[in-house]
Amino acid sequence: MSTFVLLLATGLGLGALYFLVASGLSLIYGLMHVLNFAHGSFLTLGAFLGWAVAQRMDPSSWTGFVASVLVGALVGALVATLTELLLIRPLYDRHIEQVLVTVGLSLATVALFEGIWGTDADFIRGPAWLDETTGVLGARIPNDRFLIIAVAVLVLVAIVVFLRRTRYGMIIRAGVENRAMVTALGIDVRRAFTLVFAIGGAAAGLGGVLASHYFGYVSPTLGGSLLIFAFIVTVIGGLGSLTGAAVASVLVALLQQFANYYAGGTGDFVIVLALAVVLLVRPAGILGKVAA
Amino acid sequence: MRRSSWTSLGLGVAVVTLLAVLPLLAIQVPGVLPGPTYTPGALQLLALCMVYATLALSYNMLLGTGGMLSFGHALYFGGGAYGLGIVLERTDLSLWPAVALTLLGALAVALVTGAVSLRVSGIPFAMVTLAFAQAGSVLVRRNPDGLTGGDEGLSLDTEHVPAALVGVVHTRNLYWLALAVVVIAYLAVLWVDRSRVGHVAAASRENELRVRSLGLQPYTAKLFVFVVGGAVASLAGVLYLLLQSGTVPRSVGADLTVTVLVMVVLGGVGSRWGAIVGGVIYTLLNQRLTLLAGSDAIESLPTVLHVPLSEPMFILGALFIAVVLFMPGGIAGAARSGFGRGRSRSGATVLEAADDQGEQRVLEPQP
Amino acid sequence: MSTPATPALQVADLGLRIGGATILEDVDLEVEKGSFIGVIGPNGAGKTTLFNVVSGIARPTSGTVHLDGRDVTGMPVHRRARAGLGRTFQTSSLFPQLSVRENVRIAAQVALGGSLSPLRFPRAGDRATRDAVEHLREVGLGDKLDLAAGVLSHGEKRKLEIAVLRATDADVVLLDEPMAGVGSADVAGLSETIRSMHREKGCTILMVEHHMEVLLGLVEKVAVMYSGTIIAFDTPAAIMANPTVQSAYLGASA
Amino acid sequence: MSGPILSVQHLSASVAGQQVVEDVSFTVPATGITAVLGRNGVGKTSTLKAVMGLYQRRGEITLAGERIDGLPTHRVVQRGVGYVPEDREVFSRLTVAENLRLAERQPEPRRELVERLFPDLVARRDQMAGTLSGGQQQMVALARALLNDNRLLLVDEPTKGLAPLIVDQVADALEAASETVPILLVEQNLDVVRRLAGDAVVIAGGRVVHAAPAAALLADEALTQRLLGVHAETHDDKGAAR
């Protein structure tokens, strides 16, 4: 029982990380039909700079931690915005080339990170509370899991509220349905593109700082390895569906954790298998729009 | 045959002949090759160029001919390298039967993964192929049964490999083998492109519904191209193992697929010779940039310059972005417009076709 | 073997619902071999949907489709095409980056068989290519063989579609608005091309067309569709005189 | 009388490399409703989309004397061109109220006018637009354009596929709107054209082949038949095709 609960909590924590990456990917794809390969780099950069700030302050203090989280999100948003403005926008509506540009960017940035911070992982630490555990139903759950899950839920709620309650949220929802008609109402839909990139980048940067606490280190490839699972999550959840991304994040992470523990470390294969099954049964994903 | 075909055939034969006699000559290309062309160092580099040219050719077949943007092509390359390595280590087969067995295995893997991936197209296809390759990469790193050597990689077990293909002194033979492989790959790709099934795959790239309405199955044609592409890629992998005397997990990773994509886009999507040139240039650049990165000139630069310049992948990534932004047809496209031969399709339009077909109607009223 | 009395195309009780909407309802139609049928009807009447169901692009929720006496209701698009069904689309849907010759050649090689073979190589002098060139000459595109199909004018694209249909050797041909977007100068030539295809190939043709003069000049019978069903099927003269048709369809404009 | 509100000279347009409009020229007077007529597929809708910048276009388009042919779509709209597309194109997963709010461009949108013309929409403001009937969706589409003080409206087949009663309602709304803003109307229903339109341009084969007062055109039956085909109100059903 306690193992089950521990796996559940760890899986949910991992799912929360997946969601922080996948939410941005899915929003960007839904609105712009661009698969952003550079999303992992937003995450990595957020993690590195967040850690750098924490180190300057006091990594074990909550102030330092909060500062690192804020810096991570801010850096992610900033880099994503620049990416959209400088690299994506000039290729307006040339989706495949936009994807290629993000591929090039991920190559270049990972190399740059390696140049700056070295290829080895930097081990990090945060406030002592994060490393302690809390007993739940007999299981000792590391506290950082709770924090990560709480943050992901907050982000989900924030994005939903933003999409439902604000004008720009409305523009984004409308744009996912019919971009041309949004422009025909006199709205510059490209601003919504930039905004979606910024939001996705912020979530990824935030996810980067949290992921570095979850795994206990930062490295130039941190983002890339999470990105692949986030891709799988977005396909399984249905490209462009935020709810789908949330549900699939949890499903995929839990499946991975349980398969790793109970089926001899086969988690990654089980996920790829699940992906294949979803594609065979429902190519549009569990919550995706079925093509007309 | 038309006259232009004879010209290109003649040109091809001339180039291959020249390359074939290269190990017997002493040509110096300062800044590109580490030594005269008869030295093992130069031949090793040239052979590596050919490995990647082969891989790029196979990938161009997927993207250029079939309009399939795969992010999992490394799986078949790595399958060839690891497959041969494992067969040589675990069986008593001699080299050539082992190669045949490896290629058959890779063919089977390509058939199964292709059959599933081609259920979707466009970006979802890219993501699914990526996931499959990732599974392969995880498998290799996990080192089941000690088969793959994990992160350390697998070194070539030379017991059953002919002595003529082992050791630095025989680099020249490996070079000739590499040249033969490129020629075989080129002919295979040419064969598919010229055959009926290749024509149907190209037609499917443009308009799937129309292909079906004519009584043909786009799925079958694309799967065929995908499988042949996978087989040629695994042939490149086989060569890689022999040339490098081993293989590392990077040869199955997503990074390699991205690298191949860079080569093909650099050369010009949809152009066979463009893919070869792209593969060669990429390999040479990578090599030279790595040397440059460690040079004193770079070391003495201020940090802000020396950090990025000491990372070859940074420069290549940036170069790639520049090509996509400013040179959509790649080298082949630039050459075509340079020679004023605008008739054939450009890489950019081929890429458009690789996009999800539904999205091109974004301005049309929704049903 | 089918008897001479077997209709080339027979649809019975055809219905199609998408969500709550009824697109087709109780569509019955029997088309004799070798006949030339016009399909008319107002906006949203279901003409293109009927073509889509017959060619297999859309699946009906009820009813059957028989091609030359054979039930093809559950058959996928490509197998129906092999069973002798050819069609054009409302908006020209060619292979825009392939040459004009290649567009027709692919169709011709289907007719000759072995079309997905990796061991056969299209060549300048082979049968399929010769056929393709011949068909292109017939429709008046003999001088555009090497152009990319995408650069043709609208009228030329329509002619190319007809050349493709000729090459497929289809027994039953569905033409969806072949005149749409064709300049008035080209209409006469195109309708002559269609007429000669019908005459030479002896195929059965169903044609949706809003250009009434063209339609009436070509067809033997007219089916009138209205809100998802066929309300009349008769000779052009009888259709023009039919009071139901008048009120349902022609009424407002006269 | 002032000059035309819209002038289109030698307009051509292409979509996905296919030319859909070739060399169209016409003008729209500063008052009343101008109808665009022609058979299916001649490029009426494409002409409107080209003016809006939704299709790639070449040629000269001026709005009240100012060139707008180089502007992206949202700028064209911001200059005061309202657009009611064919097939309505409401955002089906947004509520009626959200659809309308999205369209508001000025600080004080003309909500009273819209509420007066379409009382039905007030009652259904929190309903998802996708669940509305075709007629109600058309009202949303019209309301979106009428909320702002536009200088010109482009309205594409507003009565397509609607029941006769709704057709009248839509025509009423257009008539009311036309008192304050000139309208370029693509319409297949000749009764509606007869009732609303002052001028008419007829497009065939991608070009304008006739431009005259609508009444004169429609009175000449032989001409109508030649230019529009016998059954001018027929229309393709491509919506059902996908």
Side-chain angles (χ1 to χ4, degrees), chain A residues 29 33-35 37 86-87 90-91 93-116 177-181 221 224-225 227-229 231-232 234-236 239 265-269 271-273 275-280 283-285 288 291-292, chain B residues 69 71 113 116-117 119-120 122-124 126-128 130-139 142 254-255 258-259 261-262 265 293 303 306-325 328 348 350-356 358-359 362-367:
Chain A
Y29 184 86
H33 304 282
V34 174
L35 183 63
F37 269 80
L86 299 178
L87 299 179
L91 295 167
D93 251 358
R94 283 153 65 188
H95 302 135
I96 295 292
E97 274 142 304
Q98 289 175 330
V99 175
L100 295 184
V101 162
T102 66
V103 166
L105 186 63
S106 81
L107 271 188
T109 47
V110 170
L112 193 62
F113 299 157
E114 286 178 347
I116 299 172
E177 250 189 77
N178 187 341
R179 274 186 303 171
M181 196 56 221
T221 54
S225 52
L227 186 67
I228 297 209
F229 293 110
F231 279 159
I232 296 177
T234 27
V235 174
I236 290 183
L239 281 159
T266 53
D268 297 348
F269 296 104
I271 290 177
V272 172
L273 200 68
L275 176 74
V277 170
V278 167
L279 282 174
L280 289 173
Chain B
L69 181 66
F71 275 108
T113 51
V116 174
S117 318
R119 296 264 305 165
V120 286
I123 298 290
M127 295 167 88
V128 177
L130 176 67
F132 278 128
Q134 197 55 25
S137 170
V138 169
L139 187 70
R142 191 148 297 169
D255 282 3
V258 167
T259 309
L261 182 64
V262 172
V265 172
T303 316
H306 112 243
V307 167
L309 290 181
S310 60
E311 291 294 334
M313 285 316 280
F314 174 80
I315 301 174
L316 285 167
L319 175 72
F320 178 64
I321 294 175
V323 168
V324 174
L325 282 175
V350 174
L351 284 178
E352 231 168 74
D355 202 348
D356 299 8
E359 286 166 24
V362 78
L363 290 177
E364 300 275 304
Q366 302 297 310

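Order of the sequence lines fixes the chain letters, A, B, ..., with proteins taken first and strands second; residue numbering starts at 1 for each chain.
The side-chain contact (heavy atoms from CB on, under 4.5 Å) check on B:Leu139 picks up A:Phe269, B:Pro144, with sequence neighbours excluded. Not counting sequence neighbours, the partners of A:Ala276 by the side-chain contact (heavy atoms from CB on, under 4.5 Å) test are B:Val116, B:Phe132.
Two residues are said to be in side-chain contact when any heavy atoms from C-beta on lie closer than 4.5 Å; B:Arg142 and A:Asp268 meet this criterion.
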Given B:Leu316 and A:Leu107, is the side-chain contact (heavy atoms from CB on, under 4.5 Å) satisfied, shown in steps?
CA-CA 8 Å; B:Leu316 285 167; A:Leu107 271 188; 5.7 Å; no

Hey, mind stepping through A:Phe231 and B:Phe71 against ring pair (Phe, Tyr, Trp, His ring centres under 6.0 Å) and telling me if it holds?
CA-CA 12 Å; A:Phe231 279 159; B:Phe71 275 108; 8.0 Å; no

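For the atom pair CG of B:Leu130 and CZ of A:Phe37, the computed distance is 5.5 Å after rounding to the nearest 0.5 Å. Taken to the nearest 0.5 Å, the OG1 atom of A:Thr109 stands 11.5 Å off from the CD atom of B:Glu311. Atom CG of A:Leu105 sits about 5.0 Å away from atom CD1 of B:Ile321, to the nearest 0.5 Å.
Using a 4.5 Å cut-off between heavy atoms, B:Val262 touches chain A through its side chain atoms alone. The contact between B:Phe320 and chain A is made entirely by side chain atoms (from C-beta outward), counting heavy-atom distances below 4.5 Å. With a threshold of 4.5 angstrom between heavy atoms, B:Val324 approaches chain A through its backbone and through its side chain.
Of all the heavy atoms in B:Phe314 and A:Ala108, the pair that sits closest is CD1-O, 3.2 Å.
Each of A:Thr234, A:Ile228, A:Leu275, A:Ile236 was evaluated against B:Met127; a single residue qualifies, A:Thr234, per the side chain to side chain contact (heavy atoms under 4.5 Å, CB included) test.
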